[in-house]
Protein chains: 2
Amino acid sequence: MSARPPLGRPTLEMVAKEAGVSRATVSRVVNGQPTVNEDMAAVVHAAIERLQYVPNRAARTLVNRTSNAIALIVPEETTRFFQNPFFVAVVEGITARLEQSDFILNLLVASSDPRAKITRFLASGAVDAAIFVAHHAGDASITDVDRRIPTVFAGRPAGEGAEGRVYIDTDNADGAHRAGQHLIQRGRRRLATITGPLDMAAGQDRLNGFVRALAEHELEPVGVEVTDFTPRGAVRACERLLARTPDLDGLFVASDLMAVAALTWLRSAGRDVPADVAVVGFGDDPAASIAEVPLTTVRQPSIEMGRLLADAALRLIDGDADVAPVTVLPTELIRRSST
Amino acid sequence: MSARPPLGRPTLEMVAKEAGVSRATVSRVVNGQPTVNEDMAAVVHAAIERLQYVPNRAARTLVNRTSNAIALIVPEETTRFFQNPFFVAVVEGITARLEQSDFILNLLVASSDPRAKITRFLASGAVDAAIFVAHHAGDASITDVDRRIPTVFAGRPAGEGAEGRVYIDTDNADGAHRAGQHLIQRGRRRLATITGPLDMAAGQDRLNGFVRALAEHELEPVGVEVTDFTPRGAVRACERLLARTPDLDGLFVASDLMAVAALTWLRSAGRDVPADVAVVGFGDDPAASIAEVPLTTVRQPSIEMGRLLADAALRLIDGDADVAPVTVLPTELIRRSST
DNA sequence: GTCGGTCAAGAGAGCGCTCTCTCACCATGG
DNA sequence: CCATGGTGAGAGAGCGCTCTCTTGACCGAC
């Protein structure tokens, strides 16, 4: 299509000529191989400096079959992803870890037609490993993803093709269990929950943990509203919940983003928090502490999760055989004013 | 170092053999060139399907001198970047735009030793364009960045090497001017501001706009505290401000992230907001509306900014000569309860 | 003085792709 | 009937790099 524009960048060849040595020698110097005479290495370094030589990444990738890049795959809508502080924190952790390596992060957000785009990208040899964040059970990508390329999941992958995958997760069930226990301890008995999507492990596990905590006290939730981890979804869930169970006195919301929205809605609906309804969120997002009623919530180590994800990917690339297939990080209940 | 592991992926060559045609023909089919006989194209497509062939990206990049990738360069600490909703929103916009293209985003966060890492990366031919976000005047990267590769800045680049650069910015000065005007309209006269870093254009421009608004009413700020766009910095700035000017009655804080922190601190210090001190933020981050006192703020179209950045980068890559070097997006004052 | 051993540097192939150049083929017109 | 032109497909070079293989220089040893 477009004419090949001359990049005008120096090549190994040019450095070799400049230094009066062979291409191979320059390559050896660039890659720090010890079998090069000191004086010669100095000459080569000088030539590199003079020409401002930087190795071409594509050429290296082609011959080495190694790109020094990791893909972050997000089979989710951009807005849902970026508006969710948990995901952003995971990316922060990944980035922080990669900054200490010489790997580059490739961000691939593919909500539309994820199957084709993602699998093609991973098969193109553009990256050495992939990290999946925000995947759903239905995502073809999980089933499809070539097991030849190291892959790590943020959160337990659900659905087919998930078995044997390496993942790092928060102990969602345990965290939700704590939330349930806490509400009961605060004397609440008419408890409901607003969940995340049940095709995501985080949604499912948080619901299960909460229900189990209630069951241990011979209680059952008076309402379970399944929604989508968005503030808007939470508000609609609240409306339905209160329409059916006006005497609700405790609410566990499966993410802080939703919990803060619920909180605001409850107050505008005339419910005092926590006097009328106690609310517990999940995540300990920044929003939790600055909300109009600072939110009791379950803290999860999201940044750490990102770090561990990147670390696992790096180790898999290295061929490290002892990467733990499953890592589950502990949660902690943070008590604030909403309960 | 590592032995070259056989990728085991089909190559053009193998597809050619499978289809009984030449490499060139397969290449033509893959790239949708019209000069191929229909039947032959069908045969090739079948072979591609059978072998699950996907073109190798590195090989293509090498010969085409085009990577179909854009770098997002962040010469800032990971935490400061990811904890700032404005930056995240910009990334969201960039991603949203790129999703509609077949370009990939390379995220390069390089706070330590940014000069070497960034310039080397850009010189390696790994990307076709670069988008700079969160740059400071001191950043060597700005001066250094090769003008041979299309580059776009989020926010007016300050300092040396900034002249003639393509950038997209919010009308920071005008927004801050509105904030100042609004505080004055609300009857406040003892006005102070907490600024961002003055080596970032956003920090400088917001200060200027605010001071200008005051000057138009023959006022001068009773306090100017320069800090770093972080909540912690805002709190320290507040402490200093109130120690020196206890009768402060209006405060313009140059980012919502800081404004919310200031708000919380002011209230814990016994000041009522807005009765004692009216507060205006900047950005209209999600936090602004959910804060304990919903925040009056200056809205900036951050996601749109990201979209435009990506769009400009794409157009520059296309060789489009009429990319506007300067785009300034309007702001809007959002009145809430803090004033 | 010759030989084998060691080590540094060069020669050259090849990674997977694209693109130009060439050629074969068929249709057309004089 | 042959010259002409147009069209579709193949041959082959080359993008910038790494790596194996080979060469050559130098050393000590017999």
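Below, each value reflects all heavy atoms present in this structure, side chains not excepted, and no hydrogens, waters or symmetry copies. All values derive from a computational prediction rather than experimental measurement. The sequence lines fix the lettering, A, B, ..., with proteins before strands; numbering per chain opens at 1.
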If I take atom CG in residue Asn64(B) and atom C1' in nucleotide dG16(D), what distance separates them, rounded to the nearest angstrom?
14 Å

Quick one: does Arg28(A) reach the base of dT18(D) with a side-chain donor-acceptor pair under 3.5 Å?
no

Is it true that a side-chain atom of Asp318(B) and a backbone atom of Asp320(B) form a donor plus acceptor pair closer than 3.5 Å?
no

Tell me the closest heavy-atom pair linking Phe121(A) and Ala71(A), and the distance in Å.
CE2-CB, 3.9 Å

Within the side chain of Asn84(B), is there an N or O that forms a donor-acceptor pair under 3.5 Å with the backbone of Arg80(B)?
no

Whether the side chain of Arg97(B) engages the backbone of Leu309(B) through a donor-acceptor N/O pair (distance < 3.5 Å, no angle test) should be reported.
no

Short side-chain to backbone donor-acceptor contact, Arg9(A) and Asn56(A), under 3.5 Å
no

Here's a test of your reading of the structure: between Val21(B) and Ala59(B), which maps to the more 5' nucleotide of DNA chain D?
Val21(B)

Atom-pair distance (CD on Gln33(B); P on dT18(C)), nearest Å
9 Å

For Glu99(A), the salt bridge (charged side-chain N to carboxylate O under 4.0 Å, His left out) test, sequence neighbours excluded, returns none

Once you round it to whole Å, what is the distance between P of dA8(C) and CG of Asp39(A)?
13 Å

Nucleotide nearest Met40(A) (side chain, heavy atoms from C-beta), chosen from dA9(C), dC15(D), dC19(C):
dA9(C)

N or O in side chain of Arg60(B) less than 4.0 angstrom from dT18(C) OP1/OP2
yes

On the nucleotide dT18(C), are OP1 or OP2 found under 4.0 Å from the side-chain N or O atoms that Asn31(B) carries?
yes

Candidate pair Met14(A) and Tyr53(A), rule side chain to side chain contact (heavy atoms under 4.5 Å, CB included), full reasoning:
CA-CA 9 Å; Met14(A) 295 165 67; Tyr53(A) 169 74; over 6 Å; no

For the side chain of Tyr53(A), starting at C-beta, report the closest nucleotide among dC17(D), dT18(C), dC19(D).
dC17(D)

Any Arg65(A) side-chain nitrogen or oxygen under 4.0 Å from OP1 or OP2 of dG16(C):
yes

For Asn37(A) and dC26(D), what is the distance between atoms CG and C1' respectively, to the nearest whole Å?
13 Å

For Leu62(A) and Ser22(B), take the nucleotide of DNA chain D holding the closest heavy atom to each; which residue's nucleotide lies nearer the 5' end?
Ser22(B)

Using five pairs at each end of the helix from dG1(C)-dC30(D) to dG30(C)-dC1(D) to define an axis, what is the angle between those two axes, to 10°?
70°

OP1 or OP2 of dT18(D) sitting under 4.0 Å from any side-chain N/O of Ser27(A)?
yes

To the nearest Å, how far apart are Leu12(A) CG and dC19(D) P?
12 Å

Among dT18(D), dG12(D), dA11(C), find the nucleotide with the atom closest to the side chain of Arg23(A).
dT18(D)

For the pair made of CD in Glu13(B) and P in dG10(D), what is the distance, rounded to whole Å?
12 Å

Rounded to whole Å, the CG-P distance (Asn56(B) to dC17(C)) equals 5 Å

